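Contents: one structure, followed by commentary.
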Amino acid sequence: MIQVAIFTGGIQPLPTSGRPTGMFKSPVLSPIDLKEAGFVGDQQADRRVHGGPDKAVHLYPARHYARLASSFPEIAAALVPGALGENLSAADIDERDVRIGDIWQLGSARLQVSQPRSPCWKIDERFACEGIAAMIARSHLTGWYLRVTQTGTVSPADRLVLLQPASGAPTLHDAMRLWAEHRPSIAALEALAQLPGMASDWREKIKQRLAWLKRL
């Protein structure tokens with residue numbers, strides 16, 4: 001069982017550009033409902049890249065913050081769980097421990113791992129520090145999105161429990177490493193695109209890349 005902290009938040013302006021973001025989250029200290037679109041009361045500013053059924057909940061491994069703080073010591077004090085806009089923070093799990101399609105129980109809800117997060121420029125502006133998003137992507141410290149396969153209620157004391165492992169699927173870390181390769185194996189990429197439970201937009205990106213690779 002994996003202990004988690006829960007975070008939600010509304011839309012706020014970024015400090016420099018004023019562009020809207022849902023990255024500013026606060027801890028949830030009482031039971032909260034989890035619907036197909038995510039935790040009740042949680043918001044995303046740009047629904048093209050965040051939120052929706054395939055990306056209803058974002059989990060970020062708490063252990064990554066130490067690596068980020070080592071790389072960006074000038075903002076180390078601000079790099080604490082919840083700071084990257086995650087809904088769930090967990091200290092005892094990371095991308096090497098989960099697979100696309102894994103189904104987890106949290107409270108009375110069930111969630112399925114669907115894809116890694118793609119960090120964007122808003123992270124750099126949120127901390128007034130260039131290069132954070134690039135380092136997260138380069139080092140595969142992204143965390144991941146989950147879809148809600150069964151709605152329910154979650155309490156801060158609830159634990160994540162793996163119900164149905166996606167046996168045979170690569171770990172999320174290995175999937176990201178494959179995706180990041182300059183000339184990945186076409187067969188391996190085809191197998192990745194066929195994984196049950198994968199978010200539809202990431203599957204489409206993989207298919208588009210496969211089409212390009214096959215034309216070379």
Side-chain angles (χ1 to χ4, degrees), residues 1-7 23 25 38 49-52 54-72 79-106 110-120 122-124 131-149 159-182 184-185 188-206 209:
M1 295 190 293
I2 308 296
Q3 183 176 359
V4 298
I6 308 169
F7 299 89
M23 198 181 307
K25 308 289 189 188
V49 292
H50 301 290
D54 281 347
K55 295 178 282 188
V57 174
H58 175 224
L59 188 151
Y60 196 71
R63 64 181 61 158
H64 290 347
Y65 280 108
R67 287 189 60 183
L68 293 175
S70 177
S71 296
F72 301 95
L79 293 170
V80 296
L84 288 178
E86 64 265 34
N87 300 114
L88 298 176
S89 175
D92 300 322
I93 192 172
D94 65 23
E95 294 82 0
R96 291 174 171 82
D97 303 307
V98 301
R99 303 171 190 273
I100 296 291
D102 279 349
I103 295 179
W104 295 75
Q105 180 97 26
L106 183 62
R110 294 185 181 184
L111 306 98
Q112 184 177 41
V113 179
S114 59
Q115 71 166 79
R117 179 187 185 176
S118 297
C120 72
K122 288 185 178 181
I123 295 175
D124 289 12
I132 307 173
M135 186 266 189
I136 289 172
R138 183 176 62 252
S139 303
H140 309 309
L141 304 177
T142 63
W144 57 90
Y145 285 114
L146 305 107
R147 66 170 59 85
V148 179
T149 61
R159 302 290 191 266
L160 269 175
V161 179
L162 182 59
L163 287 185
Q164 298 177 28
S167 302
T171 66
L172 191 64
H173 179 79
D174 288 342
M176 287 191 291
R177 288 186 62 187
L178 174 66
W179 173 249
E181 288 181 13
H182 177 60
S185 160
L189 209 56
E190 286 178 331
L192 184 63
Q194 294 170 9
L195 290 177
M198 178 177 288
S200 59
D201 62 343
W202 199 33
R203 190 190 309 277
E204 184 58 31
K205 289 178 182 177
I206 294 172
R209 191 173 183 199

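Every value quoted in this text rests on a predicted model; they were computed, and no experiment measured them.
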Problem - Approximate separation, where rounding is to 0.5 Å, of D102 CG and L172 CG - result: 9.5 Å
Problem - Partners passing side-chain hydrogen bond (donor to acceptor under 3.5 Å, both in side chains) against S139 (at least two apart in sequence or in another chain) - result: none
Give every donor-acceptor pair under 3.5 Å between a side-chain atom in residues 164-171 and any protein atom, sequence neighbours left out.
unit_1, atom_1, unit_2, atom_2, d
T171, OG1, D174, N, 3.1
T171, OG1, D174, OD2, 3.4

Practice task
With the side chain counted from C-beta on, respond yes when L141 and M135 share a heavy-atom pair under 4.5 Å apart, and no when they do not.
Solution key: yes
Practice task
For the pair W104 and I93, evaluate side chain to side chain contact (heavy atoms under 4.5 Å, CB included) and give the outcome as yes or no after the intermediate values.
Solution key: CA-CA 13 Å; W104 295 75; I93 192 172; 3.5 Å; yes
Exercise for the section: Indicate the ring-plane relationship of Y145 and H58, choosing parallel, tilted or perpendicular according to the 30° and 60° boundaries. Expected result: tilted
Practice task
Measure from the side-chain N and O atoms of Q112 to the backbone N and O of G101, and report whether any donor-acceptor pair falls under 3.5 Å.
Solution key: yes
Exercise for the section: Looking only at non-hydrogen atoms, find the nearest pair between S114 and D54 and report the distance. Expected result: OG-O, 2.6 Å
Problem - L59 side chain near L160 side chain, heavy-atom distance below 4.5 Å - result: yes
Problem - Polar side-chain atom of D92 near backbone of Q3 as donor-acceptor pair, under 3.5 Å - result: no
Problem - With R63 via side-chain hydrogen bond (donor to acceptor under 3.5 Å, both in side chains) - residues at least two apart - result: D94
Exercise for the section: Please answer whether the main-chain N or O of V113 pairs with a side-chain N or O of R99 as donor and acceptor at a distance below 3.5 Å. Expected result: no
Exercise for the section: List the steps and the verdict of side chain to side chain contact (heavy atoms under 4.5 Å, CB included) for H64 and E95. Expected result: CA-CA 10 Å; H64 290 347; E95 294 82 0; 2.8 Å; yes
Handout entry: Any side-chain heavy-atom pair of I136 and R117 under 4.5 Å
Key = no
Problem - Partners passing side-chain hydrogen bond (donor to acceptor under 3.5 Å, both in side chains) against R209 (at least two apart in sequence or in another chain) - result: none
Practice task
Output, in order, the C-alpha distance, side-chain angles, deciding distance and verdict of side chain to side chain contact (heavy atoms under 4.5 Å, CB included) for W144 and I100.
Solution key: CA-CA 9 Å; W144 57 90; I100 296 291; over 6 Å; no
Handout entry: Check: K25 and E86 side chains under 4.5 Å, non-hydrogen atoms
Key = no
Problem - For Y65, all residues meeting ring pair (Phe, Tyr, Trp, His ring centres under 6.0 Å), sequence neighbours excluded - result: Y60
Fill in the blank from the handout: Result for side chain to side chain contact (heavy atoms under 4.5 Å, CB included) between L106 and one of L88, V161, V148, L146 points to L88
Problem - Heavy-atom neighbours of R159 CZ exceed 12 at 6.0 Å - result: yes
Handout entry: Listed partners of N87 passing side-chain hydrogen bond (donor to acceptor under 3.5 Å, both in side chains), at least two apart
Key = D42
Problem - Close side-chain approach of S118 to W202, heavy-atom, < 4.5 Å - result: no
